[in-house]
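The structure appears right after this line, and notes come after that.
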Amino acid sequence: MLILKSISGIVGALLVVMGGIWILQGLNLAWGPLARSFMQNDRQWAVYGAILAIAGLGLIVWAYRKRGKD
């Protein structure tokens, strides 16, 4: 069960990071290599990024919340 929680936490963190990148690109706030994307200045990608980041946070919370017997 510990391995599943760890993997879920890592995947959740990756989803949050990827969602953040999509938000930055969608709002035209990205810099460097991230600024060269078809997602640049397209608000739709900012919405997708927010949804992805929220899903990642939910996965992290689900993975690390205390349960009765593990």
If you measure from OH on Tyr64 to CG on Leu59, what distance do you get to the nearest 0.5 Å? 9.5 Å
Ile3, CD1 atom: more than 12 neighbouring heavy atoms under 6.0 Å: no
Who else is in Val47's hydrophobic cluster (ILVMFWY, side-chain heavy atoms under 4.5 Å, direct or via others)? Ile51
Linking Ile, Leu, Val, Met, Phe, Trp and Tyr through side-chain heavy atoms less than 4.5 Å apart, which residues share a cluster with Val61? none
Heavy atoms only: give me the nearest Trp62-Ser8 pair and the separation to one decimal. CZ3-OG, 3.7 Å
Can you run down the side chain to side chain donor-acceptor pair (under 3.5 Å) pairs that involve residues 44-61, sequence neighbours left out, and say none if there aren't any? Gln44-Tyr48
Under 3.5 Å, which donor-acceptor pairs link side chains of residues 24-40 to any protein atom two or more places apart or in another chain?
{"from": "Gln25", "atom 1": "NE2", "to": "Leu34", "atom 2": "O", "distance (Å)": "2.8"}
{"from": "Asn28", "atom 1": "OD1", "to": "Gln40", "atom 2": "NE2", "distance (Å)": "2.5"}
{"from": "Ser37", "atom 1": "OG", "to": "Met39", "atom 2": "N", "distance (Å)": "3.1"}

What residues, two or more places apart in sequence or in another chain, satisfy side chain to side chain contact (heavy atoms under 4.5 Å, CB included) together with Ile54? none
What residues form a side chain to side chain contact (heavy atoms under 4.5 Å, CB included) with Leu14, not counting sequence neighbours? Ile10
